[in-house]
There are 2 protein chains.
Amino acid sequence: MANVTSKTGRKPHAKKAAAQHGAGLQTAFQQVRELIVHGKLSPGMWIVEADLAQRLGMSRTPVRGALQWLQREGYVIEQKNVSKSRMIVAPLTKEDSSELYAIVGHLEGLAGRRTAQLPKEKRMEIVRQLRKLNTGLKSISRDQTGRAGDIFDLDTTFHSTVVKASAGPRLMALYNAVKPQTERYWRLYASSIINDLHNSVTEHEEIIDAIQEGDPDRVEAALQLNWSNGSQRLGKVIDLFGERGTW
Amino acid sequence: MANVTSKTGRKPHAKKAAAQHGAGLQTAFQQVRELIVHGKLSPGMWIVEADLAQRLGMSRTPVRGALQWLQREGYVIEQKNVSKSRMIVAPLTKEDSSELYAIVGHLEGLAGRRTAQLPKEKRMEIVRQLRKLNTGLKSISRDQTGRAGDIFDLDTTFHSTVVKASAGPRLMALYNAVKPQTERYWRLYASSIINDLHNSVTEHEEIIDAIQEGDPDRVEAALQLNWSNGSQRLGKVIDLFGERGTW
DNA sequence: GTCTACCACATTGGATACATTCTTGTCTTT
DNA sequence: AAAGACAAGAATGTATCCAATGTGGTAGAC
């Protein structure tokens with residue numbers, strides 16, 4: 001009865017390296033997210049686990065974990081009409097962008113409210129950083145020289161600075177889950193957003209002033225206005241160029 | 001090459017039922033969440049996948065998926081000091097409750113803002129439902145007869161009604177991910193929360209009036225106030241009875 | 001010629017096997 | 001006696017295997 005193949009029976013599982021130990025899920029998540037954000041996986045496209053696994057050179061297990069993660073964050077959604085779970089890349093629609101921007105605006109508003117209540121010295125340090133970043137944006141908007149990626153990085157750092165200054169782990173995690181999704185819309189409609197950059201720069205100045213003054217209500221309102229206006233600017237562009245992933 | 005064991009070769013994988021096909025993950029998620037919310041898995045407790053799998057009568061695969069889900073939602077967190085990912089049940093702390101309530105308040109405020117902008121007829125329908133629910137809460141608060149579970153259900157339905165009325169899929173998903181976490185604090189400190197119920201009832205009335213009037217700012221402010229006050233009430237109780245899962 | 005039924009295939013969900021890493025306990029040495 | 005090192009065990013991460021289900025295509029019948 002008792003088989004003796006306890007220690008020595010090892011032939012079927014020969015593989016290459018496995019990198020580290022717990023690196024697979026992380027890499028899978030980042031790489032698939034990258035593929036989605038850069039549009040290699042188009043909005044509305046049907047995702048096949050095995051294909052992704054092969055492309056990333058790993059088995060389906062970590063890919064599945066990554067997909068569940070991406071589903072929770074909103075990058076992929078389930079096709080609901082069928083009983084079986086078919087995952088598709090989340091479409092980019094005007095409706096969704098409006099909702100997404102509103103959510104980010106409110107989360108950031110909450111963080112900004114807390115940032116405004118920090119002691120004065122910390123606020124001044126934040127303000128200094130923000131002014132520097134916004135100056136960079138302003139010069140780009142004046143010269144029209146920066147590439148879209150630079151603008152996105154500066155803008156992302158600007159907002160991230162406001163949030164990181166005061167957010168606890170829970171808000172930070174939520175923000176990090178939601179905010180990066182705006183990148184999809186950014187990349188797709190970037191060229192048209194650049195033209196409106198000066199508006200955003202002006203709105204940023206109001207944000208900075210409000211933080212310097214330490215007025216929570218004003219900070220929150222300014223942040224929400226920035227996102228609300230951004231949503232409207234984006235909406236116009238989407239109307240022009242059409243949505244992706246729905247038909 | 002071609003083996004003929006396509007249909008008939010079934011010996012090594014004999015098991016009981018497997019329920020449906022894609023039911024395991026759902027069940028695992030709900031059950032583990034239940035265990036956490038009800039405190040069977042205490043805050044701070046170290047979670048072992050295999051134990052849970054055995055307890056739920058399934059393999060580690062669906063349990064693992066459920067845990068990743070629960071991690072993203074905040075029910076479990078990673079022990080960070082070690083390199084390996086050790087999952088523990090998220091502790092219940094005053095700090096965390098404060099953050100959680102603020103987030104829910106802001107998300108609900110956003111939804112409420114949209115609800116306030118619905119056409120008048122729909123608003124009136126909502127208002128009617130809300131008044132009925134709040135009347136139920138008021139009578140419980142007066143008679144001190146309801147059990148904690150009833151109060152929680154009524155309160156949850158109240159807030160959920162406001163959100164569902166106008167939230168899109170994204171906001172709805174986020175709300176459904178975040179709001180249920182307040183149940184953990186509710187259950188743990190429920191007995192003391194009941195005493196303050198009349199305050200919450202009064203705040204609800206303001207919410208209802210604001211919706212009836214169709215004033216987005218007022219609705220949002222009223223919702224946030226309800227959650228902010230709730231956070232303070234909870235904070236006092238936590239100070240009294242201590243936190244769970246930290247030492 | 002078209003519609004329906006059935007079969008083969010593709011894909012996902014779940015289970016298990018295996019390799020790696022972290023922990024813990026004991027033994028030895030200073 | 002205390003501290004460190006080594007060994008045994010436990011737990012996680014990943015790969016592969018099996019089952020279940022939906023989908024599409026083909027063939028047959030009306």
Side-chain angles (χ1 to χ4, degrees), chain A residues 3-29 31-32 45-71 76-88, chain B residues 2-32 45-71 76-88:
Chain A
N3 58 13
V4 253
T5 62
S6 60
K7 285 252 179 71
T8 53
R10 56 180 60 175
K11 66 248 136 155
H13 277 267
K15 67 207 133 182
K16 49 195 85 168
Q20 305 252 113
H21 193 58
L25 205 148
Q26 288 276 335
T27 24
F29 175 78
Q31 298 227 4
V32 177
M45 203 177 195
W46 175 28
I47 296 178
V48 178
E49 288 179 1
D51 293 353
L52 273 178
Q54 187 170 21
R55 168 157 188 156
L56 301 184
M58 51 181 68
S59 94
R60 275 175 53 211
T61 308
V63 173
R64 266 174 67 181
L67 283 180
Q68 282 174 344
W69 234 35
L70 289 161
Q71 182 188 351
V76 304
I77 59 178
E78 277 190 47
Q79 196 76 298
K80 18 186 175 294
N81 58 359
V82 290
S83 69
K84 195 159 198 171
S85 97
R86 276 247 191 105
M87 297 239 210
I88 65 171
Chain B
N3 58 12
V4 252
T5 63
S6 60
K7 285 249 179 73
T8 55
R10 52 180 60 172
K11 64 256 140 149
H13 277 264
K15 41 83 217 255
K16 47 197 85 167
Q20 308 254 113
H21 192 59
L25 205 148
Q26 289 272 334
T27 349
F29 175 77
Q30 288 175 347
Q31 298 227 359
V32 177
M45 202 176 194
W46 175 28
I47 296 178
V48 178
E49 287 178 358
D51 292 353
L52 272 179
Q54 188 169 21
R55 166 155 191 159
L56 301 184
M58 51 180 70
S59 93
R60 276 175 52 211
T61 308
V63 172
R64 167 177 285 267
L67 283 179
Q68 282 173 345
W69 234 38
L70 289 160
Q71 181 187 351
V76 304
I77 59 178
E78 278 190 46
Q79 196 75 296
K80 17 188 177 297
N81 58 1
V82 289
S83 67
K84 196 162 201 170
S85 100
R86 276 262 188 92
M87 298 232 204
I88 66 170

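Below, read A as the first sequence line, B as the second, and so on, with proteins coming before strands; counting in each chain starts at 1.
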Using whole Å, what does the distance between atom C1' of nucleotide dT16(D) and atom CZ of Arg60(B) come to? 14 Å

Whole-Å distance separating the CH2 atom of Trp46(A) from the C1' atom of dG24(D): 11 Å

Would you indicate whether the side-chain heavy atoms of Ile47(B) and Leu52(B) approach each other to under 4.5 Å? yes

It should be established whether Thr61(A) places a side-chain nitrogen or oxygen under 4.0 Å from OP1 or OP2 of nucleotide dT14(D). no

Please name the pair of heavy atoms, one in Val63(A) and one in Ala53(A), separated by the smallest distance, quoted to 0.1 Å. CG2-CA, 3.7 Å

In terms of side-chain heavy atoms of Met58(B), which of dA15(C), dT23(C), dT12(C) is nearest? dA15(C)

Grab the CD-P distance between Gln26(B) and dG14(C) for me, whole Å please. 10 Å

Take atom CG of Leu25(A) and atom C1' of dT12(D), then tell me their distance rounded to the nearest Å. 12 Å

Could you state the CZ-P distance from Arg86(B) to dT21(C), rounded to the nearest angstrom? 16 Å

Can you tell me how far P of dT16(C) sits from CD of Gln54(B), to the nearest Å? 12 Å

Could you state the interatomic distance from CD (Gln71(B)) to CD1 (Ile77(B)), rounded to the nearest 0.5 Å? 9.0 Å

Going by heavy atoms in the side chains, are Leu70(B) and Met87(B) under 4.5 Å from each other? no

Between atom CD in Gln68(A) and atom P in dT12(C), what is the gap in whole Å? 13 Å

Taking only the side-chain nitrogens and oxygens of Arg64(B), find out if one of them lies under 4.0 Å from OP1 or OP2 of dG13(D). yes

Which whole-number value in Å describes the distance from Ile88(B) CD1 to dT12(D) C1'? 16 Å

Here's a test of your reading of the structure: between Met87(B) and Pro62(A), which maps to the more 5' nucleotide of DNA chain D? Met87(B)

Across the strands shown, which category fits Ile47(A) at heavy-atom distances under 4.0 angstrom: base, sugar-phosphate, nothing? sugar-phosphate

